Number of protein chains: 2
Amino acid sequence: MRKVVSSGQPTIKEIAKRLNISVSTVSRALHDHHSIGLRTKARVQQLAAELGYERNQTAIFFQQGKTFTIGILLPELSEAFFSSAISGIEDTAYSNNYTVLLGQSHDDEAREKQIIQSMKQHRVDGCIVSIGKNTRNYEHFEMLRQAKIPVVFFDRIPDLPNIHSVSCNLESGTVQAVDFLLKKGHRVIGMINGPEQLVASKERAAGYMRALHKHRLKYDPELIVSADLTAAGTAEAMKQLLSLKRKVTAVVTFNDYVAMDAVQYALKQKLEINKDITFVSYANTPVSSYTAYPPAASVEQFPYEQGQAATNMLLSILNGDHDFNDYQQLIMESQLVLHT
Amino acid sequence: MRKVVSSGQPTIKEIAKRLNISVSTVSRALHDHHSIGLRTKARVQQLAAELGYERNQTAIFFQQGKTFTIGILLPELSEAFFSSAISGIEDTAYSNNYTVLLGQSHDDEAREKQIIQSMKQHRVDGCIVSIGKNTRNYEHFEMLRQAKIPVVFFDRIPDLPNIHSVSCNLESGTVQAVDFLLKKGHRVIGMINGPEQLVASKERAAGYMRALHKHRLKYDPELIVSADLTAAGTAEAMKQLLSLKRKVTAVVTFNDYVAMDAVQYALKQKLEINKDITFVSYANTPVSSYTAYPPAASVEQFPYEQGQAATNMLLSILNGDHDFNDYQQLIMESQLVLHT
DNA sequence: TTGTAAGCGTTATCAT
DNA sequence: ATGATAACGCTTACAA
């Protein structure tokens, strides 16, 4: 038979042959097994070092039915929020001897499915997922469930029963944000919200309404518009808000990118930022502090910490600390940060 | 013996048993092998579909001695340059049926080594690497070479003989940048350069000098300062430049982050941007267009394309299109982009 | 303390 | 056109 593998890497078989002992002895010696004599252990370990032996992980993965790899699916790494989140994930994974398989959906549902399929084939032990903003159909995650591959959703979580998730509750932060604007005297506050199926959008809307209610103000549905998070969509949303009879003097935007786009639109309309109109946003990016007109305040969503938490949750599931069907929802609290 | 694997996933063995045929027949039927009868083929494929059979990649990886996985090591995903590069890498890898194992060094040499070690153990087929800015010792890459795992370096490439690399030559872009400033009438042009061991730093310096030489101007060594790319280091560098006898009216900064930090420092010194002092930078980030004082021009480095090119190079090595020892250096040309 | 052998899922060689 | 079987590297139950 033709030898397919020719990496030339030494194996335990090789070591066993040279030392005239059995492979199992070598295996155990390499694992510091107590039943192995000190002399043999030493001989084995020395020869292994000499030969530059390195265990063949692919063999172990195969044999154990485990890959110590977790798949990460998220929309867009170029968004600061996600690149920060992935750092939290990666740091936690690596320090637990897991590696990280990456896939970006670019908010494309078809690609999302393809990536999940690929991760499933690669037999990742589990997945951490933030869904695309256009994803409506969840059958690919259903497939993972059937394959018994646990999934922890984070940040952009689907509105589905029985899932593990880590998210940041935006309602509290939004209440703080609207509170802040009301206290500064704003009475007509617009909101550029995201796609309605996102839980996060619902939370923002809820926070907005709760804050108004607290102040015994009436909620005007026209003041909340759903946008698609593109620059064009944001411009459209701003146009809508600015065309209302009541003059909007402040806007809560879906995230810092939307805020920046909204600022650009406002400037085109000759509005003076922080005078004619004030923006409050959600802190997806540290660079906003460098911009000409950063939002007056931002709701911090703790991406790094969410990444850590999601990974820890997944690891605890993989370690069997929890029943597979004991679905957990970890909700962190968002918090308003003033940009002085 | 205790059964370790209990994933319950159907195997070809299972299919063979149910159909009373041999595993090899099943394997071949699943691969559309020509020697298999149409009937058997159909029966096998149908049952496979029914059972939701999915090939066990870990077994194949093991058996083939190949993982169809490439390791990516880079300093920091939160830098827009790298997140853009990784998109180029990932897109190219996925469309060639490779997956991507991620590791961030955070510019820490020890961590870099640890990640390389881990990737080696995971038996990645090859690596794409951008080294940390403090990395002085390259023995971990030497280990990869010995393990016959090909590496393609990109962007931040080590100054080493016999490596595969993709990079963007900054000299040409830098010449254009300094030209641009000279034509605008600047005569005392500073440069905040990066750590001296980086090839990119050398190219910047060379471009700077070449442009001066072209205009028959004398090169003043005090005008180029090496910084460590932190905000503090940049402030220090600016301080040095501004304290010179000859008044610096323009500065070429190492990248957009350095530019933003330099702008902050200049503002603190009550300098008016684009009047008292003009900045030209290297285009690492799209957000710079949102900032209050974007650099007057930027040298574009084409991160996405570099990522694509690096991946294609690695894949061609893996496909055996090239001799392992036929080292290739692909150099793309940088280009100045004016920010009107 | 050490050895023997089965088994993980797949592919490929050699028979039939 | 199909089957039997070895081999990939490693772990582990069981035997000695």
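Worth knowing before you read on, the calculation uses all heavy atoms, side chains too, and leaves out hydrogens, waters and symmetry mates. Computed from a predicted model, the values in this text were never measured in an experiment. Reminder, nothing fancy here: chain letters follow the sequence lines and each chain counts from 1.
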What residues in residues 35-55 of chain B put a non-hydrogen atom under 4.0 Å from any atom of DNA chain C?
->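 Heavy-atom contacts with DNA chain C come from B/Y53, B/R55.
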Stretch residues 14-25 of chain B: residues that reach within less than 4.0 Å of DNA chain C through a heavy atom =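 Listed by number, they are B/S24.
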Could I get the full list of ring pair (Phe, Tyr, Trp, His ring centres under 6.0 Å) partners for [X], not counting sequence neighbours?
| X | value |
| --- | --- |
| A/Y304 | none |
| A/Y53 | none |
| A/F153 | A/F141 |
| A/H140 | none |

Output the single nucleotide from D/dA4, D/dC8, C/dC8 whose closest atom is nearest the side chain of B/Q63.
->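 Shortest atom-to-atom distance from the side chain points to D/dC8.
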What is the nucleic acid contact for A/I12, judged by heavy atoms within less than 4.0 Å: base, sugar-phosphate only, or nothing?
->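 Base, at least one base atom sits under 4.0 Å.
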What is the distance from [atom1] of [X] to [atom2] of [N], rounded to the nearest Å?
| X | N | atom1 | atom2 | result |
| --- | --- | --- | --- | --- |
| A/Q64 | D/dG9 | CD | P | 17 Å |
| B/H33 | C/dT13 | NE2 | P | 10 Å |
| A/H31 | D/dG9 | NE2 | C1' | 11 Å |
| B/H34 | D/dT2 | NE2 | P | 12 Å |
| B/D32 | D/dA1 | CG | P | 13 Å |
| A/K66 | C/dG9 | NZ | P | 17 Å |
| B/K13 | D/dA4 | NZ | P | 14 Å |
| A/R123 | C/dC8 | CZ | P | 14 Å |

Taking B/S165 for the side chain and B/F154 for the main chain, is one N or O donor matched with an acceptor at less than 3.5 Å?
->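 No; zero donor-acceptor contacts below 3.5 Å.
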Would you find a donor on one side and an acceptor on the other, under 3.5 Å apart, between the side chain of B/Q329 and the backbone of B/I163?
->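 Yes, the answer is positive, given that a donor and an acceptor are paired below the 3.5 Å cut-off.
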Comparing B/N56 and B/R28 on DNA chain C - which has the more 5′ nearest nucleotide =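 Here B/N56 is the residue nearer the 5' end.
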Give me the bend of the helix from C/dT1-D/dA16 to C/dT16-D/dA1, using the axes of the five pairs at each end, rounded to 10°.
->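 That helix gives 50° between its end axes.
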Does any pair with a residue in residues 28-49 of chain A pass ring-ring contact (aromatic ring centres under 6.0 Å, His included), and if so which ones, sequence neighbours excluded?
->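 Every candidate ring-ring contact (aromatic ring centres under 6.0 Å, His included) pair involving residues 28-49 of chain A fails, so no pair, neighbours aside, qualifies.
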Mind checking side chain to side chain donor-acceptor pair (under 3.5 Å) for B/S95 and listing every partner two or more places apart, or none if nothing turns up?
->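 By the side chain to side chain donor-acceptor pair (under 3.5 Å) rule, B/S95 matches no residue at all.
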OP1 or OP2 of D/dT11 sitting under 4.0 Å from any side-chain N/O of A/S27?
->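 Checking A/S27 against D/dT11: at least one side-chain N or O falls below 4.0 Å of OP1 or OP2.
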Does B/F62 lie flat on the base of D/dC8, that is, centres under 5.5 Å apart and planes under 30° off?
->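 Yes, the aromatic ring of B/F62 stacks with the base.
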Mind checking what makes salt bridge (charged side-chain N to carboxylate O under 4.0 Å, His left out) contact with A/E142, not counting sequence neighbours?
->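 Partners of A/E142 by the salt bridge (charged side-chain N to carboxylate O under 4.0 Å, His left out) criterion, ordered by chain and then number, come out as A/R145.
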Do A/N56 and A/T58 have side-chain N/O donor and acceptor atoms under 3.5 Å apart?
->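 Their side chains do contain a donor-acceptor pair, which is all the 3.5 Å distance test asks for.
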Keeping to residues at least two apart or across chains, list the side-chain hydrogen bond (donor to acceptor under 3.5 Å, both in side chains) pairs with something in residues 126-135 of chain B.
->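 Passing the test, one end in residues 126-135 of chain B: B/E112-B/T135.
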With sequence neighbours left out, which residue pairs that include part of residues 89-101 of chain A fulfil the salt bridge (Lys or Arg N to Asp or Glu O under 4.0 Å) condition?
->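 Qualifying pairs, neighbours excluded: A/E90-B/R111, A/D91-B/R111.
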